[in-house]
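Here the structure comes first, spelled out in structure tokens, and everything after it is commentary.
The first residue of the sequence shown is numbered 1, and numbering continues consecutively from there.
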Amino acid sequence: MPETASFRPFETHLDEARALALLREAVAGADDGELFLERKRSEGILFDDGRIRTASYDATEGFGLRAVRGETAGYAHATEISEAAVRRAVATARLAVGEGGGVLAAPPMPTNRRLYTDANPMEEAGFGVKVEVLKELDAFLRDLDPRVVQVSASLAASHQEVAILRPDGRLVTDTRPMARLSVSVIVEENGRRESGNAGGGGRAGLAGLMAPEHWQGVAREALRIAVVNLRAVPAPAGVMDVALGNGWPGILLHEAVGHGLEGDFNRKKTSAFAGLLGKRVAAPGVTVLDDGTIPDRRGSISVDDEGTPSGKNVLIEDGILVGYMQDRQNARLMGVAPTGNGRRESYAHAPMPRMTNTYMLSGAADPASIVAEVRDGIYAVGFGGGQVDITNGKFVFSCTEAYRVKDGKLGDPVKGATLIGDGATALQQIRAIGNDMALDPGIGNCGKAGQWVPVGVGQPTLLIGGLTVGGSAA
């Protein structure tokens, strides 16, 4: 069962003064470092095809100790939170410090900001109540449309508690809830089967997700997408104009542009955007932010995993590149301030520059007028998986919901469409920006160097000229 007592490692596992002495020993002669302690509890229930397919509960805790000198970081972690384990970690972390000679960077600025509740979302309802909601959702979809042949629905929640001890003696803590509802439905008509998916959540409790007025809307949306796909025709292929819907299509911005604006890639000059600060990298009117300060959002963090308060950081302003996302190490090496983007998957991982909620601001265009501008192209409103090469920004994304557009008129839905291009060129080819910026429903995860963290994306409706569309139409 989930634990109700708060995570206080310096009351239950370690003496804070002795831990601080060990940390200072580890970072003597270093530029930076911290002792990161974490406890995380998570659960998930998958109700598939009329029965519970899986029910899981996971409990982990541990620490990571880091010492940074120049471009080198020594990192050691353990599942055992004890003075003996920390002492062993000190010896490993100090290997990065060598003979020292560094001067400790200034500590992060303190903050009392809290962007989400401390409450444990897993404790809001019992197991039986959660299962009953998933059963009701399954029955609701089957009653709603006789073409439904399979329903998969899941509830997932987690409660992460972190304590970050800094060498100056400051202790930074954060308690991070997360909850999510996901629905997948398969429909069949005349021997053809298609699927639709919907879901969302954020740094809040499960109660709102389990309310009928919420889960019924999610279920209807999954069904709507599946039914749309039943009448989809093969996607065209070629270079054409593409209108992108608002909200979740911002995942293309996240992947094709966002990763290229992370500090480490630019310091190492492996990003397509390296050396372009102050230069035009996007069409006029394009402003892109990374904002970890939005209350209750999936990608938000009150403080990052180094103890720096999260920020609302402008990356591209009116088409001009004005900043990168930074953790403390890369910021110091590049001679700029940290931006609150030092994130890690868990205590077993060292932090690195990562996105939080990355989105493009609204423009002035009416969304309907943007679609009407497309002479021969597609209108893409849903995306699945994609691949991006950070060094040149080239991307390939698959569309999960898209429509043919001819002479400004919305036509048949299309199946099998992929968008192919590169982030730098796509930014320059934005021809219209809608007034309808929206954030995604809270479904994003981001992978980098083997680490996964929750993120958010968003954008208004956009018109991009001359993207390559891969399709299967003859």
Side-chain angles (χ1 to χ4, degrees), residues 1-9 12 37-63 79 81 115-140 151-163 173-184 197-212 214-216 218-219 222 296-302 305 343-349 441-447 451-456:
M1 293 296 292
E3 297 183 19
T4 56
S6 297
F7 180 53
R8 294 189 175 90
T12 57
L37 304 106
E38 176 193 25
R39 181 176 74 178
K40 186 174 183 180
R41 306 290 185 256
S42 58
E43 68 171 12
I45 304 172
L46 171 62
F47 193 83
D48 181 55
D49 207 20
R51 65 186 186 278
I52 298 174
R53 178 62 61 88
T54 60
S56 63
Y57 176 75
D58 188 51
T60 60
E61 67 178 38
F63 76 88
T79 57
I81 302 177
L115 299 173
Y116 28 78
T117 177
D118 287 348
N120 188 336
M122 294 180 290
E123 297 178 351
E124 291 185 350
F127 179 81
V129 174
K130 297 167 188 174
V131 171
E132 191 58 36
V133 167
L134 296 176
K135 284 183 178 178
E136 289 179 18
L137 192 155
D138 180 280
F140 174 79
V151 176
S152 295
S154 66
L155 282 168
S158 66
H159 192 240
Q160 180 194 30
E161 300 165 277
V162 302
T173 62
D174 197 20
T175 300
R176 303 165 179 170
M178 189 71 77
R180 177 172 171 172
L181 168 69
S182 300
V183 179
S184 176
N197 301 277
R203 293 200 182 279
L206 279 170
L209 302 182
M210 294 167 58
H214 177 82
W215 64 253
Q216 288 179 11
V218 174
D296 301 329
R297 294 298 305 182
R298 182 173 174 84
S300 295
I301 43 176
S302 296
D305 293 324
R343 305 188 66 189
R344 64 182 102 201
E345 179 178 327
S346 75
Y347 68 87
H349 305 83
I443 57 177
N445 285 307
C446 174
Q451 293 192 44
W452 290 88
V453 296
V455 295

Inset, instruction - For Val151 and Leu137, run side-chain contact (heavy atoms from CB on, under 4.5 Å): C-alpha distance rounded to whole Å, both residues' side-chain angles, the deciding distance at 0.1 Å, then the answer. - result: CA-CA 9 Å; Val151 176; Leu137 192 155; 4.2 Å; yes

Inset, instruction - Test Glu61 against Glu38 for side-chain contact (heavy atoms from CB on, under 4.5 Å), laying out the working first. - result: CA-CA 5 Å; Glu61 67 178 38; Glu38 176 193 25; over 6 Å; no

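Using a 4.0 Å cut-off between charged nitrogen and carboxylate oxygen, Arg176 and Asp305 count as a salt-bridge pair. Taking 4.0 Å as the cut-off between side-chain N and carboxylate O, Lys130 and Glu43 count as a salt-bridged pair.
Side-chain atoms of Phe47 and Ser152, non-hydrogen and from C-beta on, never get closer than 4.5 Å to each other. Residues Phe127 and Ile45 form a side-chain contact, since some pair of their non-hydrogen atoms from C-beta on lies under 4.5 Å apart. Under the 4.5 Å side-chain criterion, counting only non-hydrogen atoms from C-beta, Ser346 is not in contact with Lys40. Residues His159 and Glu161 meet the side-chain proximity criterion, which asks for heavy atoms closer than 4.5 Å. Side-chain contact between Asn445 and Val455 is absent, with no heavy atoms from C-beta onward closer than 4.5 Å. In this structure, the side chains of Pro454 and Met178 come closer than 4.5 Å at one or more pairs of heavy atoms. The closest side-chain heavy-atom distance from Leu155 to Leu206 is below 4.5 Å. At a threshold of 4.5 Å between non-hydrogen side-chain atoms, the residues Trp215 and Leu209 do not count as touching.
For the 3.5 Å distance criterion, the side chains of Arg180 and Ser182 qualify, holding a donor opposite an acceptor.
How far CG of Asp296 is from OH of Tyr116: 10.0 Å, rounded to the nearest 0.5 Å. The OG1 atom of Thr12 sits 6.5 Å away from the CZ atom of Phe7 when rounded to the nearest 0.5 Å. Distance check, rounded to the nearest 0.5 Å: CZ of Arg53 to CG of Asp49 gives 7.0 Å. Note: Gln160 CD to Thr60 OG1 = 8.5 Å, rounded to the nearest 0.5 Å. Expressed to the nearest 0.5 Å, how far OG1 of Thr173 lies from CG of Leu37 amounts to 11.5 Å. For the atom pair Ser6 OG and Arg39 CZ, the distance stands at 7.5 Å (nearest 0.5 Å).
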